[in-house]
Amino acid sequence: MSDHQLRTRTPAGPAPDPRTPGSRAAAAFRAAAPALAVYAGARALGLLAFWAAASAAGKDPLGPLSGRWDSVWYQRIAENGYRYTVTLPDGSVHSDLAFFPLLPALERSLSEVTPLTLGGAGLLVAWTAGLLAAWGIYAVGSHLRGRRTGVVLAALWGVYPTAFVQSMAYTETLFTALAAWALYAALRGRWNVAGALCVLAGLTRPTAAALIAALAITAAVTLVREYRDERRAGPVLRRNARMIAGVALAPLGWLAYVVFVAVREGGPFAYFEVQAQWGNNIDGGRALAAFIAGLPWPAALGLCAALGLLGWLVVLCVRQRQPLPVLVYAITIVVISLIGAGYFGSRPRLMMPAFPLLLPPAVALLRLRTTGRTAAVLAALACASAAYGAWTLLGSGPP
């Protein structure tokens with residue numbers, strides 16, 4: 001299927017009511033309601049399991065969700081702006097400039113107009129964005145494989161092993177929501193919307209680079225194919241003017257923050273230096289290899305098996321012939337997560353926005369003979385995810 005066809009293809013199922021934007025939105029919400037209900041149920045189960053575990057341990061159940069690890073940095077930025085650094089015993093300097101500004105801006109805005117604390121505002125943003133992300137994931141899955149696949153895809157994202165982060169005052173849900181809807185807009189040929197959402201994603205997380213690459217590569221391939229067919233640049237450029245404009249818009253959010261850090265710190269590569277101080281520089285996978293080599297051999301074999309499974313999921317996505325923007329986005333997220341030098345325990349969380357990797361398992365689940373079996377598998381995964389989330393959140397290390 002050509003990219004031109006992908007841009008013009010309509011989603012599976014009845015067409016939305018064309019009369020008003022409100023009626024179209026209502027119809028879209030009704031179609032997505034099963035996916036949102038399943039996702040919300042999975043996350044509610046995770047929160048309930050964590051609340052029970054925290055209460056049994058005599059700990060505050062809200063503390064780890066809104067007052068630990070990265071969420072503290074975001075709230076400090078929301079309260080005081082970018083001005084905090086800490087020097088570790090090894091001499092490395094951690095600056096709050098490593099954190100992008102959209103989540104702190106939303107936290108501050110909500111706390112100023114509601115009785116919520118900054119932590120409460122962060123949780124409200126994360127939980128609301130989680131529902132919007134599930135809706136966007138459903139929309140992409142429904143567009144590609146039908147509504148049932150969209151529902152299961154959203155459910156699988158909600159029971160991802162590190163899905164407990166979706167209930168924390170982190171940026172994963174906000175970024176995934178923006179990325180999913182940007183990809184859906186690109187699939188529908190709404191490139192101006194895709195570009196605008198990409199701007200916001202670029203103000204949320206550095207992995208917006210994957211979304212920018214997905215839109216840019218798709219546009220480049222489309223232009224090359226159409227030029228090859230017509231051998232005239234003028235008509236091709238005019239016909240794809242909105243696509244070109246959307247792609248040109250896409251990197252502006254990410255670039256704006258990189259430039260802000262450069263001006264603030266007085267160096268053109270200041271942002272990358274800040275990230276390197278945090279250990280988030282790109283090393284081509286050397287840190288990952290060293291981590292595996294330092295493990296006991298059973299653990300190393302298990303991790304290699306997990307990486308092999310990840311590679312097989314990528315192969316299945318390619319074999320499914322996923323649309324180019326979706327495929328490039330997912331693969332780039334995975335590559336960025338694996339070739340960085342950062343803390344290894346965070347890598348599964350960093351890959352969580354790569355929801356297209358879950359499309360092959362979603363299709364496989366729908367091949368089970370009955371809906372009951374599919375529901376049973378999802379329920380088991382939800383229980384496992386909830387138990388793992390409670391155990392992790394009550395631990396000492398960051399996710």
Side-chain angles (χ1 to χ4, degrees), residues 36-37 39-84 86 94 96-136 157-160 162-181 200-201 203-205 257 346 349 352-353 382 385-386 388-399:
L36 297 179
Y39 171 80
R43 297 312 322 129
L45 177 63
L47 288 172
L48 179 62
F50 173 62
W51 176 83
S55 298
K59 296 184 178 181
D60 174 22
L62 284 180
L65 298 178
S66 63
R68 292 175 72 184
W69 305 309
D70 290 4
S71 58
V72 176
W73 287 85
Y74 286 117
Q75 290 167 40
R76 190 182 289 117
I77 294 167
E79 184 174 9
N80 302 312
Y82 287 100
R83 61 179 65 183
Y84 183 78
V86 60
H94 286 190
D96 57 9
L97 290 169
F99 297 89
F100 280 55
L102 185 57
L103 177 59
L106 292 174
E107 289 177 337
R108 183 180 181 90
S109 298
L110 278 175
S111 67
E112 289 180 348
V113 299
T114 68
L116 293 172
T117 63
L118 289 173
L123 288 179
L124 179 59
V125 171
W127 294 358
T128 303
L131 289 170
L132 292 174
W135 190 352
W157 192 70
V159 301
Y160 186 84
T162 58
F164 62 89
V165 177
Q166 298 169 20
S167 299
M168 299 175 66
Y170 270 42
T171 58
E172 271 69 18
T173 55
L174 180 59
F175 174 77
T176 305
L178 293 167
W181 284 108
L200 295 176
L203 294 171
T204 305
R205 289 186 62 80
Y257 186 66
S346 295
R349 170 176 67 85
M352 188 164 56
S385 176
Y388 177 71
W391 177 77
T392 304
L393 286 169
L394 291 175
S396 59

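Every value quoted in this text rests on a predicted model; they were computed, and no experiment measured them.
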**Report entry** Heavy-atom closest pair, residues Ala177 and Ala129
**Finding:** CB-O, 3.6 Å

Report summary line: Phe164 and Thr392 have their tightest heavy-atom pair at CZ-CG2, 3.5 Å

Requested in this report: Measure the spacing between CG of Leu118 and OG of Ser71 and express it to the nearest 0.5 Å.
Outcome: 11.0 Å

Query raised in the report: Do any N or O atoms from the side chain of Asp96 and from the backbone of Tyr74 form a donor-acceptor pair under 3.5 angstrom?
Result: no

Query - Which atom of Arg43 lies closest to which atom of Ser385, heavy atoms considered - result: NH1-OG, 4.5 Å

Report summary line: Rounding to 0.5 Å, atoms CG (Leu203) and OG1 (Thr171) come to a distance of 12.0 Å

Query raised in the report: Is a donor on one side and an acceptor on the other found under 3.5 Å between the side chain of Tyr388 and the backbone of Ala163?
Result: no

Report task. Would you check if the distance from the ring center of Trp73 to the ring center of Tyr84 is below 6.0 Å? Result -> yes

Query raised in the report: Hey, is the main chain of Ile77 close enough, under 3.5 Å, to the side chain of Glu107 for a donor-acceptor pair?
Result: no

**Report entry** Closest contact, heavy atoms only, Trp157 versus Gln166
**Finding:** O-NE2, 2.9 Å

Requested in this report: Looking only at non-hydrogen atoms, find the nearest pair between Gly46 and Ala386 and report the distance.
Outcome: CA-CB, 3.7 Å

Report task. Please check if any side-chain donor atom of Tyr160 sits under 3.5 Å from a side-chain acceptor atom of Glu172, or the reverse. Result -> no

Query - N/O donor-acceptor pair under 3.5 Å between Thr117 side chain and Gly120 backbone - result: yes

Query - Closest non-hydrogen atom pair, Tyr170 against Ala126 - result: O-CB, 4.3 Å

